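Because only heavy atoms are used, hydrogens play no part in the values below, and waters and symmetry mates are left out as well, while side chains stay in. All figures in this text were calculated on a predicted structure; none of them were measured in a lab. Note on naming: letters A, B, ... go to the chains in the order of the sequence lines (proteins, then strands), and numbering restarts at 1 for each one.
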4 protein chains.
Amino acid sequence: MAMARTATGKKTRVQRSEEVRDALFQAAAEVVGEYGYVDASITRITQRANLAQGTFYNYFASRQEIFDELLPVLGAKMLAHIRQQAGGARTFLEKEELSFRAFFSFLKRMPYFLRILNEAEIFAPKAHRQHFRNITASYLRFLQKARAAGEIADLSDDSLEPLIYMLVATRGYLALRYTNENGVVNLPEEAVTVYLQLLSNGLIAPSLVPINIEGRKEP
Amino acid sequence: MAMARTATGKKTRVQRSEEVRDALFQAAAEVVGEYGYVDASITRITQRANLAQGTFYNYFASRQEIFDELLPVLGAKMLAHIRQQAGGARTFLEKEELSFRAFFSFLKRMPYFLRILNEAEIFAPKAHRQHFRNITASYLRFLQKARAAGEIADLSDDSLEPLIYMLVATRGYLALRYTNENGVVNLPEEAVTVYLQLLSNGLIAPSLVPINIEGRKEP
Amino acid sequence: MAMARTATGKKTRVQRSEEVRDALFQAAAEVVGEYGYVDASITRITQRANLAQGTFYNYFASRQEIFDELLPVLGAKMLAHIRQQAGGARTFLEKEELSFRAFFSFLKRMPYFLRILNEAEIFAPKAHRQHFRNITASYLRFLQKARAAGEIADLSDDSLEPLIYMLVATRGYLALRYTNENGVVNLPEEAVTVYLQLLSNGLIAPSLVPINIEGRKEP
Amino acid sequence: MAMARTATGKKTRVQRSEEVRDALFQAAAEVVGEYGYVDASITRITQRANLAQGTFYNYFASRQEIFDELLPVLGAKMLAHIRQQAGGARTFLEKEELSFRAFFSFLKRMPYFLRILNEAEIFAPKAHRQHFRNITASYLRFLQKARAAGEIADLSDDSLEPLIYMLVATRGYLALRYTNENGVVNLPEEAVTVYLQLLSNGLIAPSLVPINIEGRKEP
DNA sequence: AATGAATGAGGATTCATTCAT
DNA sequence: TATGAATGAATCCTCATTCAT
């Protein structure tokens, strides 16, 4: 897509400005991904962006401000990626599997995201809470739809909330556990299987299916 | 239990020394619990313990050293608490419920533990890994026993591992989500219920129980 | 010599930067000269330079770094001064006298140099060794030339080395001994005389000139 | 030599006390010899003496106090050693050679002395000055005697002083230069030779002996 | 007299932020 | 708008010295 240019073909002031801002943002994401928020100094960020320290403050009011922006922007990308990947699915379980996998494929593409996400809880708590609300809301709608369609058990909204937390937590932790020292996630296929198995059947051995779900037996 | 005293009834040097060390440890736990590792300065810790800054270094070689000790000590307490609470349980599900509840009752008793646990991943990674290994190993033995007893589905050890991660993650996240701004955990009963429901039956609506577990229907 | 200026007549950033660095260097030299390396704190140095503490670290990576720079820079000045003063001399003894005197006149001009030089042995050992090597090498060439010209006794190179150490030591110690509490060197003329006398004739009374140099008597 | 004991054969309180003091002194000497004054902390000294930190202050009022005592005590030992070694000598030159060599043999026996001596200039200046005065005074008497005996040139007392400084400096520097990284002095024989040669004849080549000592030539 | 814990002043260093150019 | 030097608050840590036991 062609960019707007001035008559002489040079970039607009606005464009140039946006580029610098993006460069800072990208640099910050990488630096936080590599060193963590604590060691993401302005010096490091501006150096990576090939800019002077002072320039930073032309675009962000403070160090915290850019930290607070990291997760919202990247989180939106993550959601978009997941939606796109899980779009074609029909059944609840299919969709769940696809979006589960999509989360991990996103991490492969953007390895620094996981650290940003994780540490944000500590260093950008507001942003983290917001991100989390976004995820939860989206998930809630999905589960409500599945419930309405009779695809999943008839849980109250009050139960749906902790359930979502559990599923989201699961993804995050698995990612963390299966990330090697180089920051590359390598999820074993068993993880996917057992995740789906838990969702479908729970853990209890068939022979011991509790009485209170006996109802299943008689259609 | 009566403490050893000197003939004059005063405390031993050793005792006094232990008390001071404990005071520092306790102060550090509280300060980290309240402000997080980043803002747990030596000044804050020693002030809370009513000691001079220099005294700190009579007991710990560095700030990091006490940080590294926090989780192991408190984590052991947590495990002890859970074991004690879940001791009486018979079935897998019972035990799981009791230890699940025990985790949260421990947090009620020791509110600063959660933050210490969470941030340790970043600020005391070695300690965190070790703590995690402890938890995982303990959990693994438990699940293997249940599997041997036919109480849970016949999952491979390779599947047990991610499963454990999921369950552990679940507890941690729920705690985080249901902790209010004062650091008090308030887990809704629905969370317990849905957790156990997930373990027992999974999520899928009875009418849609996948074919591969049809076996359940015919005793 | 006119300094480069910007169009507006103000100093360049680079110039300003050099000035600040020089100010720090000069301040450090003075402070070390007055208080010694041990008590040459960053606080003292920056205060003397009328700069904030932090500014120091924009120019030097550490306290040790500036310490290591002191002697090389000032030592080079010393050598230059001596060379310039002793330039015109013809004979060995003349040159020796001039450079001997030049060493002390340099100390008059730069009173803090002596302490910097002396303590450097302890606090900037690398720099001190290097300085010493420079001096020694320069001296060695000088003596070799004099030897080749038959101006001094025909000593082996292995003898020249300790000899140089002796001469260098002599200057340093004399300076130390004849420095008063205000740091001002006041070398008595006798010191010069006896130094030259030692070089020319040694100490032994004429009547007792050892046999092995009897050769002198008969041309 | 039998030590005074109490009736029961135990050591006197005074004796015990002296032993502890000596242990501290010896420890301090070693520590300063190894690490230098700067890093000779009370902790290090008392640890080496197998005593508690506090014990130090029962014997010395301050860290500086023991520093100030080091050189006087060891310096006296050095002088005693030199006197003993040079005792038998007859001529000036013989005595000079023996005491020159004795200085270095003392360093072989007490390797930490050199560092103590050198750094004392900075860290125990008073003691250093005193030590220096002792040396100088002793040397002066020696030279005056030699002068009276007509063994050395007829120098004024005002000339003897700087001369002594030169000779003392020479020894110190040579020791420094020929000490290896393990603190062992290894003086090459050339150093002795050239030292004595300088004393006997000076440096000037025989053919160029200055006119003002021509007197030598004609008996 | 011996002990060793407690003290707190002091020092090097880091780094977010400001600001003149 | 970009720059990068200047700032100074904040922090960890060391260590001589004190003092109660």
Side-chain angles (χ1 to χ4, degrees), chain A residues 13 16-17 20-21 38-47 50-65, chain B residues 6 8 10-14 16-17 19-21 38-46 49-64, chain C residues 6-8 10-14 16-17 19-21 38-46 49-65, chain D residues 13-14 16-17 20-21 38-47 50-66:
Chain A
R13 243 213 263 279
R16 172 79 191 124
S17 180
V20 173
R21 203 190 141 93
V38 176
D39 295 317
S41 64
I42 302 297
T43 306
R44 269 207 175 123
I45 293 170
T46 48
Q47 255 173 12
N50 282 319
L51 290 165
Q53 285 207 55
T55 305
F56 180 88
Y57 290 89
N58 293 332
Y59 295 89
F60 300 94
S62 71
R63 186 178 175 244
Q64 190 58 48
E65 193 178 283
Chain B
T6 63
T8 65
K10 301 217 190 97
K11 288 173 194 161
T12 322
R13 261 238 261 262
V14 176
R16 174 83 191 118
S17 183
E19 280 175 23
V20 173
R21 201 191 143 92
V38 177
D39 294 317
S41 65
I42 304 296
T43 307
R44 268 203 174 128
I45 293 171
T46 49
N50 280 319
L51 290 165
Q53 289 211 45
T55 303
F56 180 88
Y57 292 92
N58 291 334
Y59 295 89
F60 300 94
S62 70
R63 187 178 175 243
Q64 189 58 48
Chain C
T6 60
T8 64
K10 300 216 191 100
K11 289 173 194 161
T12 321
R13 265 240 259 262
V14 176
R16 174 84 192 117
S17 184
E19 279 176 22
V20 173
R21 202 192 143 92
V38 177
D39 294 317
S41 64
I42 303 298
T43 307
R44 269 204 174 125
I45 293 170
T46 49
N50 281 319
L51 290 165
Q53 289 212 46
T55 304
F56 180 87
Y57 292 91
N58 291 335
Y59 294 89
F60 300 93
S62 70
R63 187 179 174 245
Q64 189 59 46
E65 193 177 285
Chain D
R13 243 213 263 281
V14 176
R16 171 80 192 124
S17 179
V20 173
R21 203 190 140 92
V38 176
D39 294 318
S41 64
I42 302 297
T43 307
R44 268 206 175 125
I45 292 170
T46 48
Q47 257 174 10
N50 281 319
L51 291 165
Q53 284 206 55
T55 305
F56 180 88
Y57 289 89
N58 292 333
Y59 295 89
F60 300 93
S62 72
R63 186 177 175 244
Q64 189 58 48
E65 193 178 283
I66 200 174

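In this structure, CD1 of I45(A) is placed 17 Å from P of dG4(F), rounded to the nearest angstrom. Atoms OH (Y59(C)) and P (dA12(E)) sit 20 Å apart, rounded to a whole Å. Residue R16(C) contributes atom CZ, which lies 10 Å from atom P of dT21(E) at whole-angstrom precision.
L51(D) contributes atom CG, which lies 12.0 Å from atom CD1 of I42(D) (distance to the nearest 0.5 angstrom). Atom CZ of R16(B) and atom CZ of R13(B) lie 12.0 Å apart (nearest 0.5 Å). Taking OG1 of T46(D) as the start and CD of Q53(D) as the end, the distance is 5.0 Å to the nearest 0.5 Å.
Listed by chain and residue number, F56(B) satisfy the ring-ring contact (aromatic ring centres under 6.0 Å, His included) test with F60(B) (two or more places apart in sequence, or in another chain).
Toward the 5′ end of DNA chain E lies the nearest nucleotide of L51(D), the other residue of the pair N50(B) and L51(D) mapping further downstream.
Residue F60(A) is classed as having no contact, given no heavy-atom separation below 4.0 Å to the nucleic acid.
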>> Does the protein touch nucleotides 10-18 of chain F at the base, only the backbone, or not at all? Give it as B, S and - per nucleotide, heavy atoms under 4.0 Å.
In response: --SBB-SBB
> How would DNA chain F look in dot-bracket form, 5' to 3', counting Watson-Crick and G-U wobble pairs with both distances under 3.5 Å and writing | for bases paired to another strand?
Replying inline: .||||||||||||||||||||
